[in-house]
Amino acid sequence: MRKVITYGTFDLLHWGHINILKRAKELGDYLIVAISSDEFNEIKGKKAYHSFENRKMILESIRYVDEVIAEDNWEQKVNDVKKHDIDVFVMGDDWEGEFDFLKDQCEVVYLPRTVGISTSKIKKDLLKVNNG
Ligand code: C2G
């Protein structure tokens, strides 16, 4: 069984997220998503609208996702790949090259980001709508 893993905050879930989850799943048979904890989001300088528990529950409902684990720090990826016997690590290409250190453990695939949508764009557009 080919196992795939990907990481992210996945806040205000949108079709760009679904695109990468769908494509990540197509690279194997089992997809694990490591979702950033609220504490780790602070380290990333992000404030998610939905709590970790709610972002986790939402991701677990997606047909492409087989398992959701917590992402608590930058360092856990090496151990996650070992512990979960991962064959493929996937991230959007805004992270191109950032995780090449995993290449001696598993395949590392950067997929093109979906253009035209992002959580920050949603927040910005809503601000505009509400402020006229
Ligand atoms: N993504 C995408 N297209 C978009 C928006 C996001 O392909 N329009 C991808 C990102 O490239 C990432 C995933 O969706 O692979 C999740 O995006 P975020 O929730 O913004 O995750 P990020 O903050 O980049 O966290 O350790 C890695 C970090 O946790 C990644």
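Order of listing sets the numbers, starting from 1, for every ligand and every atom in it. We number each residue from 1, following the sequence as shown.
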**Message:** Counting non-hydrogen protein atoms only, what is the nearest one to atom 11 (O) of ligand 1? Give residue, atom name and distance.
**Reply:** Asp94 OD1, 2.7 Å

**Request:** Quickly, which of Ile32, Val90, Val33, Asp80 forms a side chain to side chain contact (heavy atoms under 4.5 Å, CB included) with Tyr7? Name it, please.
**Result:** Asp80

**Phe101, CZ atom: more than 12 neighbouring heavy atoms under 6.0 Å** = yes

**Prompt:** Between Lys44 and ligand 1, is there a nitrogen or oxygen pair with a distance under 3.5 Å?
**Reply:** yes

**Message:** Show the atoms of ligand 1 that are less than 4.0 angstrom away from any heavy atom in Lys77.
**Reply:** 26 (O), 27 (C)

**Message:** Is there a polar contact, in the sense of an N or O pair closer than 3.5 Å, between Asp93 and ligand 1?
**Reply:** no

**Message:** Here's a test for you: under side chain to side chain contact (heavy atoms under 4.5 Å, CB included), which of His17, Arg23, His14 qualifies with Thr114?
**Reply:** Arg23

**Asked** Numbering the atoms of ligand 1 from 1, which are under 4.0 Å from a heavy atom of Tyr7?
**Response** 26 (O), 27 (C), 30 (C)

**Enclosure of Lys47 NZ (heavy-atom neighbours >12, cutoff 6.0 Å)** = no

**Message:** Under 3.5 Å between any N/O of Arg23 and any N/O of ligand 1: does that happen in this structure?
**Reply:** no

**Request:** Look at atom 19 (O) of ligand 1 and say which protein heavy atom is nearest, naming residue and atom and giving the distance to 0.1 Å.
**Result:** Phe10 N, 2.8 Å

**Request:** Using distance alone, decide if ligand 1 has a nitrogen or oxygen within less than 3.5 Å of any nitrogen or oxygen in His14.
**Result:** no

**Prompt:** Under the 3.5 angstrom rule, does the side chain of Arg113 hit a backbone N or O of Asp94 as a donor-acceptor pair?
**Reply:** no

**Asked** Would you say ligand 1 has an N or O under 3.5 Å from any N or O of Ile117?
**Response** yes

**Asked** What atoms of ligand 1 come closer than 4.0 angstrom to any heavy atom of Trp95?
**Response** 24 (O), 30 (C)

**Message:** With a 4.0 Å cut-off on heavy atoms, is Ser36 in contact with ligand 1?
**Reply:** yes

**Fill in**
atom 12 (C) of ligand 1: of Gln76, Met91, Glu98, the nearest heavy atom sits on Met91

**Asked** Atom CH2 in Trp74, atom CD in Glu98: separation rounded to 0.5 Å?
**Response** 8.5 Å

**Asked** Ion pair present between Glu71 and Lys77, side-chain N to carboxylate O less than 4.0 angstrom?
**Response** yes

**Asked** Short N/O distance, under 3.5 Å, between Gly92 and ligand 1?
**Response** yes

**Message:** Quick check for you: to the nearest 0.5 Å, what is the distance between Phe10 atom CZ and Arg55 atom CZ?
**Reply:** 10.0 Å

**Asked** Counting distance only, does the side-chain N/O of Gln105 pair as donor-acceptor with the main-chain N or O of Val78 below 3.5 Å?
**Response** yes

**Message:** To check your reading of the model: name the closest protein heavy atom to atom 7 (O) of ligand 1, its residue, and the distance in Å.
**Reply:** Arg113 CA, 3.6 Å

**Item:** Distance from atom 14 (O) of ligand 1 to nearest protein heavy atom, with residue and atom
**Value:** Ile20 CG2, 3.7 Å

**Asked** Do Lys44 and Ser36 meet the criterion of a side-chain donor-acceptor pair at a distance under 3.5 Å?
**Response** yes

**Request:** Determine whether the side chain, the backbone, both or neither of Thr9 has a heavy atom under 4.0 Å from any heavy atom of ligand 1.
**Result:** both

**Asked** Which residue holds the protein heavy atom closest to atom 23 (O) of ligand 1, what is that atom called, and what is the gap in Å?
**Response** Lys46 NZ, 2.5 Å

**Request:** Please confirm whether the backbone N or O of Asp72 pairs with a side-chain atom of Gln76, one donor and one acceptor, at under 3.5 Å?
**Result:** yes

**Asked** Would you call Arg2 and Asp85 a salt bridge, using N to O less than 4.0 angstrom?
**Response** no

**Message:** Give me the residue, atom name and distance of the protein heavy atom closest to atom 26 (O) of ligand 1.
**Reply:** Glu71 OE2, 2.5 Å

**Polar contact flag for Thr114 and ligand 1 (N/O pairs, less than 3.5 Å)** = yes

